[in-house]
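Take a look at the structure set out below.
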Amino acid sequence: MSACICNNVRSICARSSKRYGWRNATRYYTSTAAHTLKVAERIKQTRSQALLGGGQKRIDTQHKKGKLTARERITLFCDVESFVEYDMFMEHTCTDFGMEKQKFPGDSVITGHGLVNGRPVYVFSQDFTVFGGSLSSVHAKKICKIMDQAILVGAPIVGLNDSGGARIQEGVASLAGYADIFQRNVLASGVVPQISLIMGPCAGGAVYSPAITDFTFMVEDTSYLFYYRPRRSKAAEVSATIRTISVTNEDVSQQELGGAKTHTSISGVAHNSFNNDVDALLQLRNFMGFLPSQISFLLLSENAAIRGKHNLDVPALDTVIPPSTTTPYDMLDVVLSIVDERDFFEIMPKYGKNMIIGFGRMNGRTVGIVGNQPKVAAGCLDINASVKAARFVRFCDAFNIPIITLVDVPGFLPGVTQEHSGIIRHGAKLLYAYAEATVPKLTVITRKGYGGAYDVMSSKHLRGDINYAWPSAEVAVMGAKGAVTILYRGKPDMDEREAEYIDKFGSPFPAAQRGFIDDIIEPRTTRWRLCRDLDLLETKKLNNPPRKHGNIPL
Amino acid sequence: MDAIRQTGAEAVHPGYGFLSENAAFVEMLEDETVAFIGPSARAITGMGDKLESKRLATAAGVNTIPGFDGIVKDADHCVEISRSIGYPVMIKASAGGGGKGMRIARNDNDAREGFKLSSQEALSSFGDSRMLVEKFIDNPRHIEIQVLGDKQGNVIYLNERECSIQRRNQKVIEEAPSMFLDEKTRQTMGEQAVSLCKKLGYHSAGTVEFLVDENRNFYFLEMNTRLQVEHPITECITGVDLVQQMIRIAKGHELRIKQEDVKINGWAIESRVYAEDPYKNFGLPSIGRLYKYIEPTHLPGVRCDSGIEEGSEISVYYDPMICKLVCYGKDRREAIERSIRALDSYVIRGVTNNIPLLRDILTEERFNKGEISTNYLPRVYPEGFKGLKLSEDDKHKLLAMASAIFAANALRSRNFLNAPKHQIHGSRLDRWKLYVELGEEKTKLSILQTNGQFMVTVNDKVYNIEKEDINLAKPLLEVRVNDEVNVIQLFSRNASGEYQIIYHGTNYKLYILSQRSADYLHLMPEKLKVDVSKQIKSPMPGLVKTVNCEVGDVVAEGQELCVIEAMKMQNSMVATTTGTIKSININPGDTISDEDVLIELA
């Protein structure tokens with residue numbers, strides 16, 4: 001990329017000297033020619049200066065931290081020589097605190113568009129070597145420009161974040177810049193996919209842009225996200241890494257407060273993390289392959305030749321469910337056996353682990369997969385799992401990605417903590433998301449479908465298009481033991497009555513007899529049936545009543 | 001017995017499991033007048049006892065290991081006995097065990113010296129200096145004779161099986177016939193086996209096991225009064241269906257096959273495919289669910305006997321055998337080649353298996369020359385099995401094929417069905433510069449896409465790979481490299497560039513990046529490594545038998561901390577360093593998985 005730009009500059013210079021150099025010039029011509037040459041020289045110089053960002057010394061420091069520079073990141077993320085840069089010549093406008101003497105062409109962010117596997121994508125990459133990547137009004141304008149264009153064109157927006165925060169010297173102008181970005185994040189939401197990759201610090205107001213984007217990924221050890229930056233303090237001098245949050249006087253390390261591990265496993269702010277910059281950018285390229293550029297289906301072409309034969313049984317699915325109904329199993333075994341080539345991009349694998357969400361392909365077509373994970377907390381729905389899945393379902397619906405739901409849910413998690421923390425309104429989010437979704441919705445009940453959680457998990461009643469049950473499925477208000485305790489409190493022969501209840505509801509029959517399940521299928525046939533149904537449902541048309549927007553219980 | 005009553009079975013074939021040599025079971029069947037497809041209870045009991053079977057064998061004129069039944073008086077006596085047995089001899093302590101007080105003597109001097117040293121050692125170790133002498137069999141081979149007898153007293157032998165390749169007394173690879181036996185030895189061994197059966201009044205199928213020394217002297221070991229696991233190789237070369245014959249005999253029919261009808265046609269090799277990690281002690285059990293399982297039965301001359309299928313669970317509770325892979329060819333060469341091809345084409349996913357070891361043995365020089373014995377594995381792999389060392393050319397071929405997979409994936413990533421061609425921008429992809437890590441080795445190579453081929457250049461050598469042979473969805477690929485077919489299996493790949501490819505039976509981990517990504521690798525921070533010497537990890541899945549330490553205990557390096565058991569095997573876990581026990585994460589009776597941290601040291 002850089003070579004290409006230099007070549008251009010060289011060719012301009014060569015041309016101008018050819019055109020004017022040989023003339024026996026008048027003074028006028030000489031001065032114009034000299035001016036043109038000067039401008040050409042200045043363009044060339046400014047470009048090469050812009051390519052260096054904050055200078056070699058800062059680049060070396062960036063490298064020493066184990067981080068790539070903003071440009072190197074773009075080079076790795078985009079296809080070879082596909083990046084087209086905007087606003088290389090923009091400079092900050094601040095005149096206070098001696099800032100007028102420190103200017104860098106392009107300021108602290110690189111923006112433009114490039115290709116990822118041949119598809120256009122808009123990218124901004126914050127340059128930590130220039131004022132610590134801090135956000136000036138110009139920085140924000142550059143980002144807003146590409147965001148506006150991305151919405152017009154219909155191409156994803158990818159942000160590579162590495163910024164110390166607001167440009168303090170610019171004061172309120174910097175804050176305005178953040179808000180301009182937030183506004184565009186919101187307008188772009190549901191129009192084009194927006195992805196943030198946190199590759200360094202991202203603190204203060206800046207965090208809300210990634211928070212609004214559809215997916216936030218982080219680089220392990222070298223990135224962090226937090227609203228309040230903990231500062232060095234006397235109390236925390238015992239260790240080099242420990243800082244203090246001045247307001248609350250809590251001692252904590254930056255990584256502990258807002259590192260990749262924290263956000264992928266505790267807070268649920270980030271959707272996954274990767275080893276290092278190179279790994280993260282490669283993974284992000286791969287991830288882009290699952291996403292549509294805008295609201296349209298995506299199909300990989302070579303499905304017939306390269307992808308697996310989709311009409312074959314998968315015998316391995318027959319043995320996933322253990323014979324005993326209380327024994328846990330790994331729902332990922334089911335997921336990996338139904339998607340193409342066992343290629344599954346899991347979202348939030350370390351957070352709310354009783355729920356699996358992620359992208360796969362079925363016969364080449366991108367699908368969103370939502371599944372209860374019986375291996376963790378029996379696969380019950382709790383606050384984290386509900387919120388995690390709800391946002392994912394809404395993303396899929398927004399971008400016309402069909403949703404496949406694998407159900408083995410014993411109910412919502414009981415307990416004071418859950419109730420007091422609002423399992424009712426958080427659980428409602430998932431219910432709302434499924435009920436609102438108009439994309440093809442395919443459901444497979446592998447084992448338990450109990451209580452309200454059964455309704456929530458893409459049931460027929462919430463406009464599920466195709467609902468299957470495996471022979472091991474049991475749809476009931478609750479487990480037999482609980483049901484019998486309520487029905488026959490204090491009566492003798494509880495075991496007998498429990499057996500009776502199991503006999504009545506411990507099978508897919510009651511649901512199938514009422515048409516809540518379209519068919520009871522052999523597990524081994526699941527994959528090809530789902531592929532067939534997705535083909536059929538490609539032309540599905542369903543619209544919700546017109547309105548300004550619904551009111552999801554947030 | 002319940003199963004028999006419920007099904008109303010008229011006869012029972014016990015297979016080769018725990019019921020097959022259980023005389024009590026046979027008696028119970030006799031009481032219920034259900035036929036037992038196997039020998040009589042008397043024969044089972046007779047051969048079940050080591051001393052008794054040796055006595056019967058001697059009486060039937062079968063060669064047994066010569067030895068002196070009494071106590072050796074002194075060094076001279078030792079020499080005298082040794083001479084009468086014939087060198088080499090084994091001098092061992094009567095109270096001995098564990099190799100202590102044991103000496104091999106190959107001449108008079110050895111015998112004299114050996115007696116002296118061993119008896120001293122025995123005295124200090126066991127407080128008992130009494131010594132025994134018996135024939136020492138150098139590098140013995142394990143060769144067994146298959147016999148078949150009817151209730152009318154006719155007995156025939158169906159030639160031999162060579163089962164010398166063993167680990168911990170368990171057979172790994174068997175073949176029939178043996179390269180080592182000449183016609184005369186074969187006949188003598190066969191006749192002795194028949195004579196033993198006649199003496200016993202044996203009917204049904206049975207196997208007489210012999211140890212054979214380097215001079216083709218053979219000695220009776222024991223008799224197995226059942227069908228052996230490795231019986232299919234005998235069936236292959238003789239054309240006799242042993243199970244059918246057993247059923248006929250149980251019914252009381254007379255043998256139709258005469259000794260002169262039994263011929264040797266071709267060569268058969270059985271490779272036992274186990275769910276085991278061959279890199280640990282030639283095979284420690286492993287467990288898992290077979291999420292993909294395809295037997296190579298599409299190949300000619302391949303028979304797979306297995307009790308599992310795709311989706312089966314291999315657990316700690318049963319034998320870890322996945323399959324008996326039997327390959328048949330017109331001669332040994334062909335049988336070996338077919339075995340190799342079959343192992344390469346065997347798709348097993350979800351559980352670690354011993355195919356790398358099996359395949360390596362089949363290509364190993366000494367095995368191919370037939371220079372094998374029961375000490376084969378420790379001799380060929382004195383450091384344990386470390387995996388196949390690929391030749392330079394094979395290594396380059398692997399790199400070339402892996403790179404072709406990378407390129408095929410890169411090409412496919414740009415193809416979208418519903419995105420019109422003009423929506424896919426950028427230059428056509430037709431050349432790549434790649435960086436590949438295989439183990440410690442880092443290679444730079446280039447690929448060019450030409451007409452239907454990938455042209456890979458590795459170290460100035462060019463490999464042309466047919467594009468249509470690269471399929472990312474198929475578990476098994478037959479890839480033409482320079483017009484020569486190579487069988488590989490794409491085990492796994494991910495977007496980070498980690499590829500696992502099975503080639504020549506071994507699973508190779510490769511790290512493939514475009515050169516421009518690799519250029520930045522040196523800037524990436526090293527991941528902190530956890531000090532594993534302070535952690536005692538489980539080498540295999542199993543059950544915790546005992547825990548021999550407590551938190552706070554000071555333990556020495558090598559001290560036993562706990563014992564885990566898997567598939568009838570006990571494994572002692574020792575401290576890897578001296579230290580204090582920080583935490584114990586297990587209790588006796590716990591089920592543990594591979595790589596679980598059991599105990600941590602401070």
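In what follows, chains are A, B, ... by sequence order, proteins preceding strands, each numbered from 1.
- Taking the six-membered ring where the residue is Trp, Phe287(A) and Phe215(A) present perpendicular rings, their angle passing 60° and hence far from 30°.
- The candidate with the highest count of non-hydrogen atom pairs below 4.5 Å against chain B, out of Asp279(A), Val278(A), Val116(A), Asp318(A), is Val278(A).
- When heavy atoms are compared at a cutoff of 4.5 Å, Leu290(B) approaches chain A solely by way of its backbone atoms N, CA, C and O.
- Looking at Arg516(B), the atoms closer than 4.5 Å to chain A (heavy atoms on both sides) sit in the backbone and in the side chain alike.
- Contact of Arg524(A) with chain B is not made at all, since no heavy-atom distance falls under 4.5 Å.
- Within 6.0 Å of NZ on Lys65(A) lie more than 12 heavy atoms contributed by other residues, nucleotides or ligands.
- Between Phe454(B) and Trp432(B), the ring planes lie perpendicular to each other; the angle is over 60°, past the 30° to 60° tilted range.
- Within 6.0 Å of NZ in Lys261(A) there are 12 or fewer heavy atoms belonging to other residues, nucleotides or ligands.
- Between chain B and the options Asp333(A), Thr222(A), Asn276(A), heavy-atom pairs under 4.5 Å are most frequent for Asn276(A).
- Between chain A and the options Pro525(B), Ser514(B), Ser496(B), the largest number of non-hydrogen pairs under 4.5 Å is found for Ser496(B).
- Summarising the local packing, NZ of Lys540(A) is surrounded by more than 12 heavy atoms from other residues, nucleotides or ligands at distances under 6.0 Å.
- Considering Pro471(A), Ser472(A), Ser337(A) in turn, Pro471(A) is the only one that fulfils the side chain to side chain contact (heavy atoms under 4.5 Å, CB included) rule with Pro523(A).
- Ranked by non-hydrogen atom pairs under 4.5 Å with chain B, the options Glu220(A), Arg285(A), Glu72(A) are led by Glu72(A).
- Side chains of Asn363(A) and Leu534(A) form no contact here, defined as non-hydrogen atoms less than 4.5 Å apart.
- For a residue to count as touching a neighbouring chain, one of its non-hydrogen atoms must lie under 4.5 Å from one of that chain's; by this rule Asp277(A) touches chain B with backbone and side chain alike.
- Interface remark: Val80(A) contributes backbone and side-chain atoms alike to the contact with chain B (heavy atom separation under 4.5 Å).
- Interface check for chain B: of the options Lys67(A), Gln283(A), Arg342(A), the most heavy-atom pairs under 4.5 Å are formed by Arg342(A).
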